[in-house]
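Data block below; observations after.
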Amino acid sequence: MKIGGSASALAAFAAAGLLKTTQAMANAWNKTGFESKALPDALKALGAAGATESRDIVITAPDIAENGAVVPIEVVSRIPNTQSISIIAEKNPFPLAATMDLANGAEPYGYVRIKMGQTSNVRVVVKADGKFFSAVKEVKITVGGCG
């Protein structure tokens, strides 16, 4: 009985569009962006080549990271109607480190740990109301994590 009820609930969520199939989630993945090897290519894949600098994006990251294999990056967007947050380590072999798509009404916040091979700018790109905004913070690495 419990299994049948759970299956019915999942079917109802799927029918309402609250659950995505594996194929739908795979199609939403920005393969071109994550395979880009240069900052301009990653920004182009995000659609953010002309992003406007914004002080409404708060990046919390260490000034000096002891271990480049696990660099904590916390982002808060104070830009209304934030739709996505992307994190780019500019000098990494593959700069685009993370993208978080936000549902309507979701808190515009993200926290990840990324690998950084060397001292670099960490750029955050926020999409809000179809426009792109960015902010930058330099993170110095003492021991690389990508090499």
Side-chain angles (χ1 to χ4, degrees), residues 6 9-147:
S6 296
L10 285 175
F13 286 142
L18 298 174
L19 294 178
K20 291 184 179 182
T21 65
T22 304
Q23 183 63 35
M25 284 190 275
N27 288 340
W29 180 58
N30 187 346
K31 182 177 180 183
T32 304
F34 283 103
E35 290 180 348
S36 296
K37 294 184 178 184
L39 174 63
D41 296 335
L43 290 171
K44 183 179 176 185
L46 290 170
T52 304
E53 292 292 319
S54 175
R55 293 179 185 251
D56 291 326
I57 301 168
V58 179
I59 304 170
T60 305
D63 293 327
I64 300 173
E66 297 281 329
N67 183 355
V70 287
V71 180
I73 309 290
E74 182 178 25
V75 179
V76 175
S77 171
R78 296 182 184 143
I79 301 170
N81 302 316
T82 296
Q83 298 167 286
S84 70
I85 299 172
S86 296
I87 299 171
I88 300 169
E90 292 183 1
K91 291 186 180 176
N92 272 7
F94 297 94
L96 183 57
T99 294
M100 296 160 267
D101 293 322
L102 306 172
N104 292 338
E107 183 177 352
Y109 168 86
Y111 178 86
V112 295
R113 291 177 183 254
I114 65 172
K115 286 186 175 186
M116 293 180 66
Q118 60 184 305
T119 297
S120 174
N121 284 335
V122 172
R123 179 176 300 274
V124 173
V125 176
V126 169
K127 180 179 179 184
D129 283 333
K131 297 176 186 170
F132 291 92
F133 304 89
S134 70
V136 177
K137 176 173 176 50
E138 183 183 49
V139 177
K140 294 179 181 169
I141 304 298
T142 59
V143 178
C146 292

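Being a predicted model, the structure only gives us computed values, none of them experimental.
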Can you name the nearest heavy-atom pair linking [X] to [Y], along with the distance?
X	Y	answer
Ala65	Val71	CB-CG2, 3.9 Å
Ser54	Ala135	O-CB, 3.8 Å
Gly33	Ala42	O-CB, 4.3 Å
Lys115	Ala69	CG-O, 3.3 Å
Pro80	Asp129	O-OD2, 4.3 Å
Ala98	Phe34	N-CE2, 3.9 Å

Next on the checklist: I need the single residue from Val124, Thr82, Val136 that forms a side chain to side chain contact (heavy atoms under 4.5 Å, CB included) with Ile57. Which is it?
Outcome noted: Val124

Distance (rounded to the nearest 0.5 Å) between [X] [atom1] and [Y] [atom2]:
X	Y	atom1	atom2	result
Lys37	Glu35	NZ	CD	9.0 Å
Leu96	Thr32	CG	OG1	10.5 Å
Ser120	Lys140	OG	NZ	12.5 Å
Gln83	Ser77	CD	OG	10.5 Å
Tyr109	Ile85	OH	CD1	10.0 Å
Ile73	Ile88	CD1	CD1	12.0 Å

Next on the checklist: Is there a side-chain contact (heavy atoms from CB on, under 4.5 Å) between Ile79 and Lys131? Walk through the geometry before answering.
Outcome noted: CA-CA 11 Å; Ile79 301 170; Lys131 297 176 186 170; over 6 Å; no

Next on the checklist: Between Thr52 (side chain only) and Phe133 (backbone N and O only), is there a donor and an acceptor less than 3.5 Å apart?
Outcome noted: no

Item to check | Exam field: side chain Glu138 to backbone Thr119, donor-acceptor pair closer than 3.5 Å | outcome: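 A pair under 3.5 Å: no.
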
Next on the checklist: Under the rule for side-chain contact (heavy atoms from CB on, under 4.5 Å), what residues qualify as partners of Ser134, not counting sequence neighbours?
Outcome noted: Ala51, Glu53, Arg123, Val125

Checklist entry - Crowded around Lys91 NZ? As in, over 12 foreign heavy atoms under 6.0 Å? => result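 12 or below, so no.
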
Between [Y] and [X], is there a side-chain heavy-atom distance shorter than 4.5 Å?
X	Y	result
Val75	Met100	no
Thr99	Leu46	yes
Leu102	Glu107	no

Item to check | Verdict with supporting geometry, Ile141 and Gln118, side-chain contact (heavy atoms from CB on, under 4.5 Å) | outcome: CA-CA 5 Å; Ile141 304 298; Gln118 60 184 305; 5.6 Å; no

